[in-house]
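Only one structure is covered here, and it is reproduced in the block below.
Per chain, numbering begins at 1; letters A, B, ... match sequence-line order.
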Amino acid sequence: MQQKTLISFSNGDTKEIFKKYLSEKSIFKNKKVLTHSYIPKKIFHRDKEITQISSILAPALKYYQPSNLFIYGSVGTGKTICVKQVLNDLNLIAMENKIDIKTIYINCKLKKVADTEYRLLAQLLNEIGVSVPDTGLPTDVLYRKFFDEIDKKRQVVIIVLDEIDALVKKVGDEFLYNFTRINSELERANVSLVGITNNLVFSNELDARVKSSLGEEEIIFHPYNAVQLRDILEDRAKEAFYLGVVSKGIINKCAALAAQEHGDARRALDLLRVAGEIAERSGKDKITEEDVDLADQKIDLDHIIESVRSLPRQSQAVLYSVMKLTEEGFEKILTGDVFDRYKDLCKRSGLRVLTQRRISDLIGELDMLGIINAKVISKGRYGRTREISLNITQDILDYVKKIISPIFD
DNA sequence: AGTCCACAGGAAGGGCAGGCGA
DNA sequence: TCGCCTGCCCTTCCTGTGGACT
């Protein structure tokens, strides 16, 4: 006998919202086109770079080891997308011609995926079908397993490490050295490394020994200008929205705003997508300039609020101390001031008091996240310290306060 | 020129949790 | 069960530093 399921709505408003949503026609034809992970059919204004990457990786088709490659360029300049497309094409050609090429793409910034040497190796092993525990084994055992597994047959393995600077910053460059030595240990397979980084001076920060054995080829991706961003947006908008939803003016505005932000194509796509969402939510069938302005603010706000929400309690306490000092009109907030205020806060709220050394690191992390500015200054006879200020506007600050105040007050 | 301040920030290591293999 | 390994968060100890002051 079939069981009957009882359906009832808990709240009349919810029901109405869902009903209304169902009855409305979306302005989006395919929203996925505007996400960062989408690979478009044509990549605009990157022909030269794609040709360069392809020629460097081409020797893999004859089982030679392609040169290690380093790709530099700031956020949203198309590095990842170009590499992914070249790998796609390479895999296709390899398959057609029955050539054994294995390409592995790993984003080193993804938490719990490849943010330590162990996890990177575990992830690589996972990609070639060997499962290892999340922790517990010595790192050299993982290296051995990886080397042995790929050397079982004649093949070329191309490992792409995106945001490689994040991993090097965390665990040092020793692992890169290990990978450069890998080919001398392999009999049948060849391995080549492609590193992608936002840090334009990344190679300068590497150990000379690593640099000499690694940096064989380099490609730099320059930021897009407003005209180039416009071409990219126009192409994506055609697929993402129904006809007439986006005007040329809107595309130009998104392109111009993103071009101001260091020619970031991701930002341009985000602007268009969020503006579309805002327009749709307010029942419009066209995106207006006002929607783009709102989207611009919303993206910043969402980013900061998400960062603050996910901060550990101790970092939130440090941020709250900075906020309180700012509110009280402190002209120049120094590390010592923050630490004193933080101690008071801990006493009142029952939080464990960490050392000043640790708080100094937490201040550095908040600075990295862009929530505060912390500049090292010297006050001569009165010491060397950091001058700290909030890096968020008043309206965002109000939102942030709503999140943190209830925890400590 | 030397002193001194208030930290910055590197290095080493402790303690805990989670996990493996013998 | 025990020894060993890693990750993570943290402390302790230490050296380095820019520039006002003497």
Side-chain angles (χ1 to χ4, degrees), chain A residues 106-126 130-149 161 163-179 199 201 204-208 210 307 310-319 321-322 325 330-347 349-369 371-389 407:
Chain A
I106 290 179
N107 187 335
C108 303
K109 221 176 183 176
L110 285 183
K111 287 235 166 192
K112 313 278 179 195
V113 175
D115 54 351
T116 64
E117 187 177 14
Y118 185 95
R119 283 188 181 140
L120 170 68
L121 285 161
Q123 188 65 21
L124 284 171
L125 279 159
N126 199 26
V130 181
S131 71
V132 283
D134 291 343
T135 167
L137 296 178
T139 318
D140 54 319
V141 170
L142 263 62
Y143 272 111
R144 193 71 269 152
K145 269 189 191 222
F146 182 66
F147 292 178
D148 289 348
E149 189 62 32
L161 299 178
E163 314 243 21
I164 192 171
D165 48 313
L167 184 57
V168 169
K169 196 173 174 193
K170 217 170 159 197
V171 303
D173 53 13
E174 192 65 21
F175 79 93
L176 281 174
Y177 185 65
N178 292 335
F179 274 106
N199 181 354
V201 291
N204 298 346
E205 293 163 13
L206 293 177
D207 187 284
V210 177
S307 310
S310 56
L311 283 176
R313 198 58 96 230
Q314 291 286 355
S315 299
Q316 287 180 335
V318 174
L319 176 60
S321 306
V322 177
L325 290 167
F330 266 66
E331 288 243 334
K332 286 186 176 152
I333 304 171
L334 310 176
T335 303
D337 303 328
V338 176
F339 186 57
D340 288 343
R341 184 53 59 96
Y342 158 82
K343 278 189 290 190
D344 288 346
L345 190 65
C346 288
K347 255 181 232 160
S349 58
L351 198 66
R352 186 159 75 95
V353 182
L354 302 182
T355 56
Q356 179 153 346
R357 175 71 187 85
R358 181 71 189 131
I359 297 309
S360 171
D361 278 346
L362 295 184
I363 290 172
E365 284 169 22
L366 289 174
D367 180 42
M368 284 260 288
L369 284 171
I371 301 172
I372 62 171
N373 279 319
K375 200 174 79 192
V376 178
I377 55 155
S378 175
K379 284 155 47 68
R381 201 192 150 81
Y382 303 104
R384 200 162 156 267
T385 179
R386 270 195 285 211
E387 200 175 281
I388 299 154
S389 60
I407 303 169

- Message: Looking at A:Asp337 and A:Arg341, is there a salt bridge between them, counting it only when a charged N and a carboxylate O are closer than 4.0 Å?
- Response: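 Between A:Asp337 and A:Arg341 there is no salt bridge, as every charged N stays at least 4.0 Å from the carboxylate O atoms.
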- With the threshold set at 4.0 Å, does a side-chain nitrogen-carboxylate oxygen contact exist between A:Asp148 and A:Lys145?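 No, this pair does not count.
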- Message: With the threshold set at under 4.0 Å for non-hydrogen atoms, list the residues of residues 353-361 of chain A touching DNA chain B in residue-number order.
- Response: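 Only A:Gln356, A:Arg357, A:Ser360 qualify.
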Check the distance between [N]'s [atom2] and [X]'s [atom1] and give it to me in whole angstrom.
X: A:Leu311; N: C:dC9; atom1: CG; atom2: P; result: 13 Å
X: A:Arg352; N: B:dG15; atom1: CZ; atom2: C1'; result: 11 Å
X: A:Arg119; N: B:dG19; atom1: CZ; atom2: P; result: 11 Å
X: A:Glu365; N: C:dC8; atom1: CD; atom2: P; result: 12 Å
X: A:Ile333; N: B:dC7; atom1: CD1; atom2: P; result: 14 Å
X: A:Ile363; N: B:dG9; atom1: CD1; atom2: P; result: 11 Å
X: A:Leu362; N: B:dG9; atom1: CG; atom2: P; result: 14 Å

- Estimated bend of the helix from B:dA1-C:dT22 to B:dA22-C:dT1 (axis per five terminal pairs, rounded to 10 degrees):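 Rounded to the nearest 10 degrees, the bend comes out at 30°.
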Less than 4.5 Å apart, side chain to side chain, heavy atoms only: is that true for [X] and [Y]?
X: A:Gln314; Y: A:Val318; result: no
X: A:Ile377; Y: A:Thr385; result: yes
X: A:Ile371; Y: A:Val322; result: no
X: A:Leu369; Y: A:Leu311; result: yes

- Working to the nearest 0.5 Å, report the span between CD1 of A:Ile359 and CG of A:Asp340.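 CG of A:Asp340 is found 11.5 Å from CD1 of A:Ile359.
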- With sequence neighbours excluded, what pairs up with A:Glu387 under the salt bridge (Lys or Arg N to Asp or Glu O under 4.0 Å) test?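 Salt bridge (Lys or Arg N to Asp or Glu O under 4.0 Å) check on A:Glu387 returns nothing, list empty.
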- Could you write nucleotides 14-22 of chain C as a row of B, S and -, 5' to 3', where a protein heavy atom under 4.0 Å of any base atom gives B, of only sugar-phosphate atoms gives S, and otherwise -? --BBBBBS-
- Query: Which residue, A:Lys145 or A:Val376, contacts DNA chain B at a nucleotide closer to its 5' end, judged by nearest heavy atom?
  - Reply: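 Here A:Val376 is the residue nearer the 5' end.
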- Task: Taking side-chain hydrogen bond (donor to acceptor under 3.5 Å, both in side chains) as the test, write out the residues that go with A:Arg358, two or more places apart.
- Result: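 Not a single residue meets the side-chain hydrogen bond (donor to acceptor under 3.5 Å, both in side chains) criterion with A:Arg358.
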Look only at the side chain of [X] and the backbone of [Y], and say whether a donor-acceptor pair between them is shorter than 3.5 Å.
X: A:Tyr342; Y: A:Leu354; answer: yes
X: A:Arg313; Y: A:Ile407; answer: no
X: A:Ser321; Y: A:Ala317; answer: yes

- Given side chain to side chain contact (heavy atoms under 4.5 Å, CB included), test A:Leu161 with A:Leu120 step by step and report yes or no. CA-CA 9 Å; A:Leu161 299 178; A:Leu120 170 68; 3.6 Å; yes
- Could you list by number each residue of residues 334-344 of chain A showing a heavy-atom separation from DNA chain C of less than 4.0 Å, or answer none if no residue does?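 Within this stretch, nothing sits under 4.0 Å of the strand.
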